[in-house]
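Order of listing sets the numbers, starting from 1, for every ligand and every atom in it. Values below: every heavy atom of this structure, side chains too, minus hydrogens, waters and symmetry copies.
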Amino acid sequence: MFSYSGNDFYCEQVPLADLARRVGTPAYVYSSQSILDNFRAYDEALSGLPHSVCYAVKANSSLAILSILAKAGAGFDIVSAGELYRVIQAGGDPSKVVFSGVGKSADEVEYALANGIHSFNCESESELELIDALARRRGVKAGFSIRVNPDVDAATHPYISTGLSEHKFGIDIREAADVYERSQRFLNLSAEGVSCHIGSQILDPSPLLVALQKLIAMAKDLCALGFPINHLDLGGGLGIAYHHGEKTPEIRSFIESMNASLKESGLAVIVEPGRSIVGAAGALLTRVLYRKRNGAKEFIVVDAGMNDLIRPSLYRAHHEVVPVRRNSLPLVMADVVGPICESGDFMARDRLMANAMPGDYLAVCTAGAYGFVLSSNYNSRTRAPEVLVEGDRWRIIRRRETFEDLVRGEST
Ligand SMILES: *Cc1c(COP(=O)(O)O)cnc(C)c1O
């Protein structure tokens with residue numbers, strides 16, 4: 001949904017140069033069509049099975065985006081009570097929410113029980129004990145899955161790989177059966193599923209297929225033992241193209257490759273995609289402030305920093321940086337750097353790219369997931385606004401922060 005028409009870069013039918021002039025920079029911009037298309041790719045590929053596409057809120061938790069997905073029928077995968085609050089504010093249905101995460105606090109569990117979420121994805125026996133106690137106090141029965149760690153290597157960045165037994169996530173699949181067994185003493189819990197999530201930005205889906213087979217086998221055993229297992233939760237993790245022209249798994253065909261096994265299992269399916277729904281649907285617009293050269297290095301200094309988009313600094317992530325209006329100058333080898341007082345503050349390094357001059361706008365592509373949500377006020381910078389494009393119209397879904405926002409809640 002981001003493309004050139006002539007020399008101008010568009011989001012759907014909105015020319016981004018106009019938009020950047022109107023709202024200022026830095027600014028995030030999202031294509032609503034792209035978000036919906038990605039959601040529907042999952043939803044339609046699973047249409048032959050009982051299923052729920054639970055969007056992983058942590059990828060981008062802005063209310064307008066949650067609202068688009070809620071209206072399209074999405075459920076939500078949350079990792080905190082704050083995310084559940086956002087889902088509710090956005091009109092999402094708590095009964096379609098699964099609560100993941102290795103460190104849920106008692107307050108968070110209370111809040112989730114009070115709002116009647118669908119299921120907890122549990123990661124330790126002590127967590128089961130806590131949820132049981134709080135459910136008993138409320139006089140309710142809480143559905144849970146154990147997030148098993150299937151010990152498969154998702155072959156992605158070490159910070160976002162989670163499925164090996166050395167990681168903090170889940171319960172080792174070899175011990176999970178015993179934990180289900182022992183969970184029978186928790187009378188206010190109901191073992192309704194088996195879940196996993198092996199990592200993020202997965203480009204080769206074969207480890208996901210291995211994990212699926214392990215999950216199905218485990219669910220079958222549990223059903224045979226009399227547990228009321230009714231769903232499999234496969235987590236999220238499908239990768240997207242950060243490099244121009246990169247080959248990535250296609251949502252529809254990836255899901256369809258699992259359909260036969262899923263159907264045969266007779267269980268309902270939950271998936272928890274985050275990045276693959278919103279990642280490619282967003283870009284960060286920024287303006288070139290200065291050009292400078294230090295020794296052999298050429299720098300393009302822009303007004304977006306690592307406080308706005310930390311992925312290049314944190315994960316060495318690659319984002320294409322393209323001109324919002326193409327010029328005819330020869331390409332340049334440069335670093336695109338922000339205004340933050342850190343050498344690690346860069347959007348791109350040693351990049352052969354458009355020869356952008358002061359005043360020109362650039363788009364940092366594929367910034368819709370783990371972009372704004374990881375932004376901060378570091379260096380006392382106000383956080384960027386977010387804009388949602390729908391066809392030839394756009395609207396601000398989060399205004400740019402002000403100086404008052406910067407000190408809200410503080411006292412001298
Ligand atoms: C982060 C996360 C997801 C979403 O991962 P993506 O790579 O964004 O699809 C899904 N489930 C759980 C438990 C997660 O922690």
Assess [X] for proximity to ligand 1: is some non-hydrogen atom of it under 4.0 Å away?
X      : answer
Tyr370 : yes
Ser276 : no
Gly237 : yes

(request) Could you go through the side-chain contact (heavy atoms from CB on, under 4.5 Å) check for Asp308 and Arg381 one step at a time? (result) CA-CA 9 Å; Asp308 299 300; Arg381 284 165 53 82; 2.7 Å; yes

(message) With a heavy-atom distance limit of 4.0 Å, tell me whether Asp77 approaches ligand 1 through its side chain, its backbone, both, or neither.
(response) side chain

(request) Determine whether the side chain, the backbone, both or neither of Glu272 has a heavy atom under 4.0 Å from any heavy atom of ligand 1. (result)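 Within the 4.0 Å criterion, Glu272 contacts ligand 1 through backbone and side-chain atoms alike.
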
(request) Identify whether the distance between the nearest side-chain nitrogen and carboxylate oxygen of Glu264 and Lys220 falls below 4.0 Å. (result) yes

(message) I'd like to know if Arg291 and Glu298 make a salt bridge, using a cut-off of under 4.0 Å between side-chain N and carboxylate O.
(response) yes

(request) Please determine if Gly235 has a nitrogen or oxygen closer than 3.5 Å to a nitrogen or oxygen of ligand 1. (result)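 N/O-N/O distance below 3.5 Å does not exist for this pair.
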
(message) Under 3.5 Å between any N/O of Ser100 and any N/O of ligand 1: does that happen in this structure?
(response) no

(request) Please identify which atoms of ligand 1 are closer than 4.0 Å to at least one heavy atom of Pro273. (result) 9 (O)

(request) Could you list which atoms of ligand 1 come closer than 4.0 Å to a heavy atom of Arg147? (result) 13 (C)

(request) Would you check, one step at a time, whether the test side-chain hydrogen bond (donor to acceptor under 3.5 Å, both in side chains) holds for Asn379 with Glu342? (result) CA-CA 10 Å; Asn379 281 202; Glu342 299 267 350; over 6 Å; no

(request) Kindly state whether the ring of Phe144 and the ring of Phe120 have centres lying under 6.0 angstrom apart. (result) no

(message) Can a side-chain donor-acceptor contact be found between Ser195 and Asp233 if the only test is distance below 3.5 angstrom?
(response) no

(message) So, applying side-chain contact (heavy atoms from CB on, under 4.5 Å) with Tyr28, which one of Leu285, Asn60, Leu309, Val23 is it?
(response)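 With Tyr28 as partner, Leu285, Asn60, Leu309, Val23 yield a single side-chain contact (heavy atoms from CB on, under 4.5 Å), made by Leu309.
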
(request) Return the residue, atom name and 0.1 Å-rounded distance of the protein heavy atom closest to atom 14 (C) of ligand 1. (result) Lys58 NZ, 2.8 Å

